[in-house]
Every structure is written in structure tokens, then in C-alpha cells.
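What follows is a set of notes on a single structure, which appears directly below.
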Amino acid sequence: MLTVTEARERILSHFSANPTENIPLASARNRILAADIFADGDHPPFDNSAVDGFALRAEDTSASSVTLNVVADIPAGTTPKVSLQPGEAARIMTGAQLPHGADSVIMVEDTGAQHHGTGTNAPNTVTLAKQMQAGENIRTSGSDIRAGEMILKQGRTLKAQDLGMLAVLGVAEVPVYQKARVALLSSGDELLDVNEPLQPGKIRDANSYSLAAAIESAGAEVIRLGVAKDTRESVTHLLNKAAEASADLILSSAGVSVGAFDFIKEVIDSNGKMDFWKVNMRPGKPLAFGKYGGIPFIGLPGNPVSAFVGFEIFVRPVLERVNGQMDGSRRTVRVRAEAELHSDGRESYLRAKIRNENGAYFATLTGHQGSGNLLSLVQADALLIIPAGVKCVPAGEEVDAILL
Ligand code: AMP
Ligand code: MG
């Protein structure tokens, strides 16, 4: 029997990061950055005003009221043509470039109120209600970012705010890893698609939907192959389609145990090689790994919870590696058991609900932990990990939990 870590390491050793491609910035959200990004220059690129108001020389101001001549009007997006002399000011808008000679900007609210409002012309003079310090209300060039500074690291999952930053830096084409592509099939004569009415002896195919969504949530692309019947021909047909699609991974569920109609192992062996492992874990002890037509193959157990847990433990890390992702999409936290937890001694993944009390997490099981019971997984927001060899965790003790 393999430990979970051994099984995962064995699988991972067959994968490496995909080649990279350049894509338009607008479509880069959730893609994985394939190079470090450095600042192209100083940002902001020029000294500018942080407020709507009047640019001036602080030394011209005093505690008592002062009136300055307004010699220019500087909207955002223009370059000022004046250089302020003693006793002079320029009306200026937020984000507009500071004129030469100015060292501060007084907010319009701190001047004669008549200059307020959209569409008003710059006045000839401005009266100040307060004394200014040099540097006040100015964003100096390079105060946010210095030219050459490292801004975003290779392997990062690009978020909305990262796209804004890449725009600031002028990165129109973003280097990213090509997405992992996963050919997905379910197997079993008992499976019906969601839009078919139930029939005697049949159930609906859950895994095609949960696993496809899980693949997408890991930033990979799904090639949906549907359901293989429990015949050699049907299994062969779908695996050949997977090979033709030159996927990075073929992922199946069910049909790999020792049942009389489990043809997957036989078909894979005919055009590659398959190992059948027992992994010291619950749920999901049986795990198949091999290659078909040169493409790595992972066979998850059929029970919907085992398939889901198997995906999280073995497949998500594979997709992270192929996608070049360094910031994993799942977080593990320490949680305290509300009540005693039990295991049979295998590394166990228990479905639980987490609550946060003053910064500490507490976990309660969501109910029946059978490997076919999808409801308790739906109700859970974490998988508690009971380490191998531990049969009982007393109430109040801490365990690791993977947040879902
Ligand atoms: P098997 O490995 O083929 O013996 O399947 C194990 C169990 O998982 C059986 O009860 C199957 O009916 C169930 N099962 C297999 N595939 C699916 C699926 N795609 N959706 C829901 N249940 C499934
Ligand atoms: Mg089956």
C-alpha cells in the first residue's frame, strides 16, 4: 500500500510545466504568469496633483489669508506650459501634471468657494484659507513604483487587480503558460445523463459534471468525452478520442476495480501501460495510473465523493504543475474538532463545516461519510485530514483542513 504522498510524488514525476504563450491582457484573468514582470519606468510617471485645486509655492502662503494670481489652467492629460513665479498659482485637476515652480496643491475646498463646480472657468485670483507645506497633495514621480522594480512573480494566478497593474506597466501581451487540457470520461452502464429520466437500475452521472467543473476551477480546459459503456469497444473508442485530442491528461472515474465489467485496465494495457495502486487513504483507496498512447492516465474511483477527493489530492496538484502555478488554489488551515473524530487508521479526508470564532477555526462533520454520499460533501466547506495511523482525534484537538 502506498502513502498518499508517495502516490502523489509518483504521479507528479510524469508532469512538467507546459510551454508558454502570449495572450492579450484583456483575457489574462486566472491565467498563470510565465515570467517575472518588472516596472518599465517610474510610476506615476510625472509629479501630479492628488486633488482638484490650485498649484502654488508653499513659501507664498501664510497662516493669514493670502491672494495669488491664477496664471494657468491645467486639466488632466495636458502638459503645463507655465513656470510659477512668486505670487502665482495655477488651477489644476486631480492627476494633472504639476507645473514648474509649484511645490504643493491646495484643495479647492480650502480656497474661496466660488471656484467650485463643473464647467467653471479658472478665476483670475485665488484666496487661500490655510498655510501650505511643500509636497502637500502631490504624488511625486516614482512614489508608487520605481523603474526596474519586480512587480509580479512568475507562477502567479492573475487576478483583477493584477490586470490593472499590467496595464499601468504597458504589458499588452501577457506571457502565460498554455492551459492544461484534460480529456474526461465517466464509465459505467448504469449512468444516465442529467437530462434523461431515471430508469430502473440506473443513476445519473455526477462525476462528468463535478470533475469537469473541478478541472475548470483548477484553470485547465476540459475535453468532455462523456460516458464509456462497460464494453471493450466503448472504452477503446473514448480513450482513442482522448489520445487524438492530444490532451495533457486523460482522467476517468470508475471501472478500474476488479469488477467483471471493468475493461479500462485491459484497454489501456493494449496501447500503453497501467498500474493499479492501493493508496492508504479514505475515501478512495484504489487509484489507477498509467499511459495510453503516450498520454498520462489517472483513473479515479467511481463513487462521487471518492472521485472528488481523489481529484483534490492527486489531480489538482498535477494541473497546478502543468499550468506552472506556484500559488496553489487550495488553502490548508489548522482547525479544532468540535467533537471526537474517528478513522480506520488510513489517511482520512472527512467532510466538515468550519466556523470561525475569534480567529480560531472549529470543525463539525457534515454527516454520513460514505464515499457515495455527495450531500455531506455539498454541505461541507472543508476536508479534515486525519493522518495515517490515527484512529481517534479527541474533541478540542487540532487537525489540518483543506478549505474547499
Ligand atoms: P465502479 O468503480 O465502476 O465499480 O463504480 C463504483 C461506484 O461508483 C458504483 O456505485 C457506481 O455506480 C458509482 N459511479 C461510478 N461512476 C459514477 C458517476 N459518474 N456518477 C455517479 N456515480 C458513479
Ligand atoms: Mg462500474
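When a ligand or atom number is given, it counts from 1 through the structure's own listing order. Numbers for residues simply follow the sequence, beginning at 1.
Heavy-atom separations between G255 and ligand 1 include at least one value shorter than 4.0 Å. No heavy atom of G188 sits closer than 4.0 Å to any atom of ligand 1.
Interface atoms of ligand 1 facing R204, defined by a heavy-atom separation under 4.0 Å, are 20 (N), 21 (C). The distance from ligand 1 to the heavy atoms of P304 drops below 4.0 Å at these ligand atoms: 21 (C), 22 (N).
Using a cutoff of 4.0 Å between basic side-chain nitrogens and carboxylate oxygens, D381 and K353 are scored as salt-bridged. By the 4.0 Å N-to-carboxylate-O rule, R204 lies too far from D193 to be salt-bridged with it. The pair R181-D248 fails the salt-bridge criterion, with no side-chain N (NZ, NE, NH1 or NH2) lying under 4.0 Å from an Asp/Glu carboxylate O. Contact check on R330 versus E312 returns a salt bridge, with a Lys/Arg side-chain nitrogen under 4.0 Å from an Asp/Glu carboxylate oxygen. The pair D47-R139 fails the salt-bridge criterion, with no side-chain N (NZ, NE, NH1 or NH2) lying under 4.0 Å from an Asp/Glu carboxylate O.
The closest protein non-hydrogen atom to atom 5 (O) of ligand 1 is A254 CB, 3.8 Å. Shortest contact from atom 4 (O) of ligand 1 to any protein heavy atom: S257 OG, 3.7 Å. For atom 19 (N) of ligand 1, the closest non-hydrogen atom on the protein side is D205 OD1, 2.8 Å. Among protein heavy atoms, atom 12 (O) of ligand 1 sits closest to E190 OE2, 2.6 Å.
L191 and S186 get closest at one heavy-atom pair: CD1-CB, 3.9 Å.
Within a 6.0 Å radius of CG in N356, more than 12 heavy atoms belonging to other residues, nucleotides or ligands are found.
Contacts between S186 and ligand 1, counted as non-hydrogen atom pairs separated by less than 4.0 Å, involve the side chain only.
Cation-pi geometry between R355 and F362 is satisfied (NZ or CZ under 6.0 Å from the ring centre, within 45° of the ring normal).
Taking only nitrogen or oxygen atoms, main chain and side chain alike, G302 reaches within less than 3.5 Å of ligand 1. Taking only nitrogen or oxygen atoms, main chain and side chain alike, A206 reaches within less than 3.5 Å of ligand 1. Residue-to-ligand polar distances keep S253 apart from ligand 1: every N/O pair is separated by 3.5 Å or more.
Closest heavy-atom approach to atom 17 (C) of ligand 1 among the candidates N207, I203, D189: N207. With atom 10 (O) of ligand 1 as the reference point, the heavy atom nearest to it among V305, L300, L185, N303 is part of N303.
A distance of 12.0 Å separates NE2 of H342 from OG of S348, quoted to the nearest 0.5 Å.
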